[in-house]
Amino acid sequence: MDQATLILIKPDGLKKSLTGNILTRLSETKLEIVAAKVARASEELAIEHYKHLKDKPFFEELIHYIKGELHDRRKVMALIYWGEGAIIKCRELAGATNPEEAEPTSIRGAYGRITTSGVYENVIHVSANDQDAEREIQLWFQPDEIIVDLYPTKIITEKTDKIRVWG
Ligand code: IDP
Ligand code: MG
């Protein structure tokens with residue numbers, strides 16, 4: 001079954017210039033990239049993305065982390081990988097959440113670290129299941145930014161909306 005997963009190259013991955021390495025590793029999956037962009041996590045987006053962890057002691061630090069405040073890189077690279085078994089394939093390559101427990105050959109095992117302040121800097125986010133993938137993809141991407149139809153959409157008219165065009 002074709003599946004989609006959200007991948008984020010987190011700010012530590014960008015700071016360490018790992019984008020190329022991570023994309024090369026992910027290409028082993030033979031999945032298709034159907035959306036990609038550099039994006040900034042606002043406070044609201046960060047909190048919404050990680051809302052399942054809001055009661056954890058490291059939550060505040062995690063929000064600083066994904067916003068890029070720990071790495072002087074206020075951005076992430078967001079991608080959608082699509083194809084057979086996308087979630088399991090990408091999560092296996094990513095490795096365990098805790099970079100010290102991750103296989104040394106996995107992305108997190110190779111490039112992640114644990115800081116003394118406690119948040120796991122594990123360079124990459126991968127959606128955990130279909131439900132999370134749908135929720136996260138809809139948080140980070142608009143339908144027209146994705147080259148396949150993943151989820152139902154609707155057309156709305158917003159007369160008061162202002163959009164920026166090239167000057
Ligand atoms: P996942 O990223 O492997 O799906 P989640 O439990 O969803 O793991 O956690 C989201 C992120 O929060 C992790 O990728 C990691 O950066 C951080 N994190 C999770 N658990 C811990 C912890 O016990 N200590 C510090 N940071 C953690
Ligand atoms: Mg998760």
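All values below were derived from every heavy atom in this structure, side-chain atoms included, with hydrogens, water molecules and symmetry-related copies excluded. Just so it is clear, the model here is predicted, and its values are computed rather than measured.
Q3 contributes atom CD, which lies 12.0 Å from atom CD of E134 (distance to the nearest 0.5 angstrom). With values rounded to the nearest 0.5 angstrom, I137 atom CD1 is found 3.5 Å from Y151 atom OH. The distance from atom CD1 of I63 to atom OG of S42, rounded to the nearest 0.5 Å, is 10.0 Å. We find the CG-CD1 distance between N21 and I107 to be 9.5 Å, quoted to the nearest 0.5 Å. Distance check: I22 CD1 to M77 CE gives 10.5 Å after rounding to the nearest 0.5 Å. In this structure, the separation between NZ on K16 and CD1 on I9 is 13.0 Å, given to the nearest 0.5 Å.
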Run the side-chain donor-acceptor check on residues 47-56: report pairs under 3.5 Å with partners two or more places apart or on a different chain.
residue, atom, partner, partner atom, Å
E48, OE2, K51, NZ, 3.1
H49, ND1, W140, NE1, 3.1
Y50, OH, K10, NZ, 3.4

Atom pairs and distances, donor-acceptor, side-chain atoms in residues 23-30, under 3.5 Å, two or more places apart:
residue, atom, partner, partner atom, Å
T24, OG1, G20, O, 2.8
R25, NE, E28, OE2, 2.8
R25, NH1, T105, O, 2.7
R25, NH2, T105, O, 3.3
S27, OG, T24, O, 2.6
T29, OG1, L26, O, 2.6
T29, OG1, L31, N, 3.2

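Among all heavy-atom pairs drawn from A36 and F141, the shortest one is N-CE2, 4.1 Å. Taking all atoms of both residues into account, the shortest heavy-atom contact from A41 to K67 is O-CG, 3.4 Å. Heavy-atom minimum distance, A102 versus A96: CB-N, 3.6 Å. Closest of all the heavy-atom pairs between Y120 and N98 is OH-ND2, 3.4 Å. Nearest heavy-atom pair, A128 versus I87, reported as atom, atom and distance to 0.1 Å: O-CG2, 3.6 Å.
Here side chain to side chain donor-acceptor pair (under 3.5 Å) pairs that include residues 71-97, with residues two or more places apart or in two chains, are H71-E121.
Under a cut-off of 6.0 angstrom, the local environment of CD in E32 is crowded, with over 12 non-hydrogen atoms contributed by other residues, nucleotides or ligands. Atom CD of Q138 is surrounded by more than 12 heavy atoms from other residues, nucleotides or ligands within 6.0 Å.
Tracing side-chain contacts under 4.5 Å through hydrophobic residues (I, L, V, M, F, W, Y), one never reaches V123 starting from I66; they form parts of separate clusters. Note on I7: it clusters hydrophobically with L93, by side-chain heavy-atom contacts below 4.5 Å among ILVMFWY residues. No single ILVMFWY cluster, assembled from side-chain heavy atoms under 4.5 Å apart, contains both I114 and L62. The cluster map of Ile, Leu, Val, Met, Phe, Trp and Tyr, joined by side-chain heavy atoms under 4.5 Å apart, puts F59 and Y65 in the same cluster.
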>> Between L70 and V119, does the side-chain contact (heavy atoms from CB on, under 4.5 Å) criterion hold? Intermediate values first, please.
In response: CA-CA 10 Å; L70 308 181; V119 72; 4.1 Å; yes
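With hydrogens and angles ignored, the 3.5 Å screen pairs no side-chain donor or acceptor of E61 with any backbone N or O of F58. Panel note: side chain S127, backbone T5; no donor-acceptor pair is recorded below 3.5 Å.
Considering V76, I124, L79, V126 in turn, V76 is the only one that fulfils the side chain to side chain contact (heavy atoms under 4.5 Å, CB included) rule with L8.
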